Amino acid sequence: MKEHPSATMNKRSTTTHNSTLTISTFRLATFLITAFLCGFSLCSTLYLLWWGYCSDSILSTSSLKPHSHHEHHGNDDPIDVMSAARKFSSEGTIAMNSTTTTTAFTSTAYSCHPSSPGSTIRSCCQSSIQNPPDKIDIVIPYQYRNASDQSLKYELRSFEKSGLLDHVNTVYLIVAEDTSSGANESNAKLIEMRYSKYITKMITANNDKDASNIHISPQLRIIPMDDIRVPFKTKKYEENAKLGKSHYSPFIPGLAEYYLLVPDDIVMLRTYSRNIWFNADKSLPYAHGFGSWRGGNTRGFPNIAELHGVNFINRCAMQYVIEKYNVDDPEKLSPTAVSLGMMDREKLLAGFYSYNSAKFKEVGPHKTRFFMECHTNGGCKSPRNFDQIFVNIQGNGISIEYKKADKMKHEWESWFEKTFPLPSRFE
């Protein structure tokens, strides 16, 4: 009967191990006798050289043996958290190693770690910053409201109409536990059922209550914060998910090197062009400010109110800042503002434009302003002929968290439906 290869392998392993023990015992006895006869200092030195030679020979021989399929290698080596986080389970949730205790800032695009002496965003991320992929991702720090809120529906329709979605790999909705809305997001399967059902109903008016009939395009992924591996303590981030989701965003497994970080109440009003975000001549991106709202400590860099506008984010730079400061509370750091501020300081931006700046007209492909914020409770009470590329529309009569205003609501709903009548690919 032919012996199984693994049995032969185990015999070889046992034989090698026993031989090594025999040789080690012999060398120890030889060392003691030699040291006694000729004095420890000189003879022991000569003997140790001989011991090292024998050890190299044995190691060289033993290293040739194949590993058994049952051999345990332990968990002593540092674990690459970023690689581990990119492993998905068959259900679409992220498979994590529960024994992982160290973090590693590693990717093919990175050349150093934030804690390395003298490291900068330029030294760690320049290659990533200057070589954007053909397609980007969109990350929306999503806030569940209820099925009557149409903001996300029209946002996605505007992205479809402009042609943006043709240049996007995946749209990610980051969700979190929100007991006030009844949307417990701690279970991935529950997320899939509840949010897929909610989103499908919201953007298709599908009243089917059977969650098994729900189908969401693979280009749209709902991902709970709990399923994203991050290198910081999560307690206060979970308590303040509104800010925390931005900190989680660059650690989404498989995320493109560039992504849009955008709230769920933005509309795009101009045709997509890569030149909106990136200056091809300089091989550098643009950055913008979006108002005075503060999303955390900016560490001396300009505040940009990132959760009010459309941020073109470099994943490497965002991770670099988050790991560099390693804060335990999202209030202590605005990673978007700090990463863009550092990039500007290190001459890694083609331009940094303040809120509603007219200067962007000179470089933008549409010769118009990049962004406008339209708050119905702040003077922007009715639709107008917007000439900006993006507009944030929220406030009374529109957003669930603001006061009701039926007349204003009807006027804005008519404008949304007239401006974006065609369904997106997700409807």
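Values below: every heavy atom of this structure, side chains too, minus hydrogens, waters and symmetry copies. In what follows, residues are counted from 1 in the order of the sequence shown. Because the structure is a prediction, the values reported are computed rather than measured.
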Query - Worked verdict on Leu284 versus Gln130 for side-chain contact (heavy atoms from CB on, under 4.5 Å) - result: CA-CA 6 Å; Leu284 292 173; Gln130 294 192 304; 3.7 Å; yes

Non-neighbouring partners of [X] that pass side chain to side chain contact (heavy atoms under 4.5 Å, CB included), sequence neighbours left out:
{"X": "Tyr355", "answer": "Phe371, Met372, Glu373"}
{"X": "Asn297", "answer": "Arg299"}
{"X": "Arg425", "answer": "Glu160, Leu165, Asp166, Gln219"}
{"X": "Thr234", "answer": "Val230, Glu238, Tyr248"}

Nearest 0.5 Å please: distance from the [atom1] atom of [X] over to the [atom2] atom of [Y].
{"X": "Leu340", "Y": "Asp344", "atom1": "CG", "atom2": "CG", "result": "8.5 Å"}
{"X": "Leu152", "Y": "Tyr142", "atom1": "CG", "atom2": "OH", "result": "5.5 Å"}
{"X": "Ile228", "Y": "Leu255", "atom1": "CD1", "atom2": "CG", "result": "9.5 Å"}
{"X": "Met343", "Y": "Thr120", "atom1": "CE", "atom2": "OG1", "result": "12.0 Å"}
{"X": "Leu220", "Y": "Leu173", "atom1": "CG", "atom2": "CG", "result": "5.0 Å"}
{"X": "Thr376", "Y": "Lys409", "atom1": "OG1", "atom2": "NZ", "result": "12.5 Å"}

Report task. Take Arg345 and Arg122, measure what side-chain contact (heavy atoms from CB on, under 4.5 Å) needs, and give me the verdict at the end. Result -> CA-CA 10 Å; Arg345 184 180 65 187; Arg122 176 177 287 276; over 6 Å; no

Query raised in the report: Between Trp277 and Phe312, what is the ring plane arrangement, given parallel below 30°, perpendicular above 60°, and tilted in between?
Result: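 Judged by the thresholds at 30° and 60°, the geometry between Trp277 and Phe312 is parallel.
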
Using a 3.5 Å distance criterion without hydrogens, assess whether the side chain of [X] forms a donor-acceptor pair with backbone atoms of [Y].
{"X": "Ser357", "Y": "Lys359", "value": "yes"}
{"X": "Asp329", "Y": "Lys236", "value": "no"}
{"X": "Ser162", "Y": "Tyr272", "value": "no"}
{"X": "Asn314", "Y": "Cys316", "value": "yes"}
{"X": "Arg270", "Y": "His366", "value": "no"}
{"X": "Asp265", "Y": "Gln394", "value": "no"}
{"X": "Lys161", "Y": "Thr419", "value": "yes"}
{"X": "Asp328", "Y": "Lys233", "value": "no"}
{"X": "Asp137", "Y": "Ala256", "value": "yes"}
{"X": "Asn131", "Y": "Ser127", "value": "yes"}

Looking at side-chain heavy atoms only, is the closest gap between [X] and [Y] below 4.5 Å?
{"X": "Ile138", "Y": "Phe159", "result": "yes"}
{"X": "Ile389", "Y": "Ile276", "result": "yes"}
{"X": "Met225", "Y": "His247", "result": "no"}
{"X": "Ile313", "Y": "Val139", "result": "no"}
{"X": "Ile140", "Y": "Pro263", "result": "no"}
{"X": "Cys374", "Y": "Ile393", "result": "yes"}
{"X": "Val338", "Y": "Met342", "result": "yes"}
{"X": "Ile304", "Y": "Thr298", "result": "no"}

Query - Heavy atoms of other groups near Lys347 NZ, more than 12 under 6.0 Å - result: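 Check fails, neighbour count at 12 or below.
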
Query raised in the report: Should Lys235 and Glu239 count as an ion pair when the cut-off is N to O under 4.0 Å?
Result: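 A salt bridge links Lys235 with Glu239.
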
Query - Carboxylate-amine/guanidinium proximity below 4.0 Å for Arg294 and Glu331 - result: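 No, this pair does not count.
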
Query raised in the report: Of Trp412, Phe416, Trp415, which is the lone residue that meets ring pair (Phe, Tyr, Trp, His ring centres under 6.0 Å) with Tyr154?
Result: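 With Tyr154 as partner, ring pair (Phe, Tyr, Trp, His ring centres under 6.0 Å) holds for just one option, Phe416.
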
Of all heavy-atom pairs between [X] and [Y], which one has the smallest distance, and what is that distance?
{"X": "Ile266", "Y": "Gly309", "value": "CD1-CA, 4.3 Å"}
{"X": "Phe301", "Y": "Ala337", "value": "CB-O, 4.1 Å"}
{"X": "Tyr259", "Y": "Ser249", "value": "OH-OG, 2.8 Å"}
{"X": "Ser158", "Y": "Glu155", "value": "OG-O, 2.7 Å"}
{"X": "Gly295", "Y": "Asn303", "value": "N-OD1, 4.2 Å"}
{"X": "Cys125", "Y": "Tyr320", "value": "SG-CB, 4.3 Å"}

Requested in this report: Sequence neighbours left out, what passes ring-ring contact (aromatic ring centres under 6.0 Å, His included) with Phe360? Give chain and number order.
Outcome: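 Phe360 satisfies ring-ring contact (aromatic ring centres under 6.0 Å, His included) with Tyr286, His288, Tyr353, Phe370 once adjacent residues are dropped.
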
Could you tabulate the donor-acceptor pairs under 3.5 Å formed by side-chain atoms of residues 377-388, not counting sequence neighbours?
none

Query - Exercise: do Glu323 and Gln319 side chains pair donor with acceptor under 3.5 Å - result: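 Not at all, the side chains of Glu323 and Gln319 share no donor-acceptor pair under 3.5 Å.
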
Query - Any side-chain donor near an acceptor of the partner, Ser334 and Glu306, under 3.5 Å - result: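 Their side chains do contain a donor-acceptor pair, which is all the 3.5 Å distance test asks for.
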
**Report entry** Ile252 vs Ile174, side-chain contact (heavy atoms from CB on, under 4.5 Å): CA-CA, chis, key distance, verdict
**Finding:** CA-CA 9 Å; Ile252 293 175; Ile174 302 183; 3.9 Å; yes

Query - Derivation of the side-chain contact (heavy atoms from CB on, under 4.5 Å) call for Tyr258 and Ile129 - result: CA-CA 8 Å; Tyr258 271 101; Ile129 290 170; 3.5 Å; yes

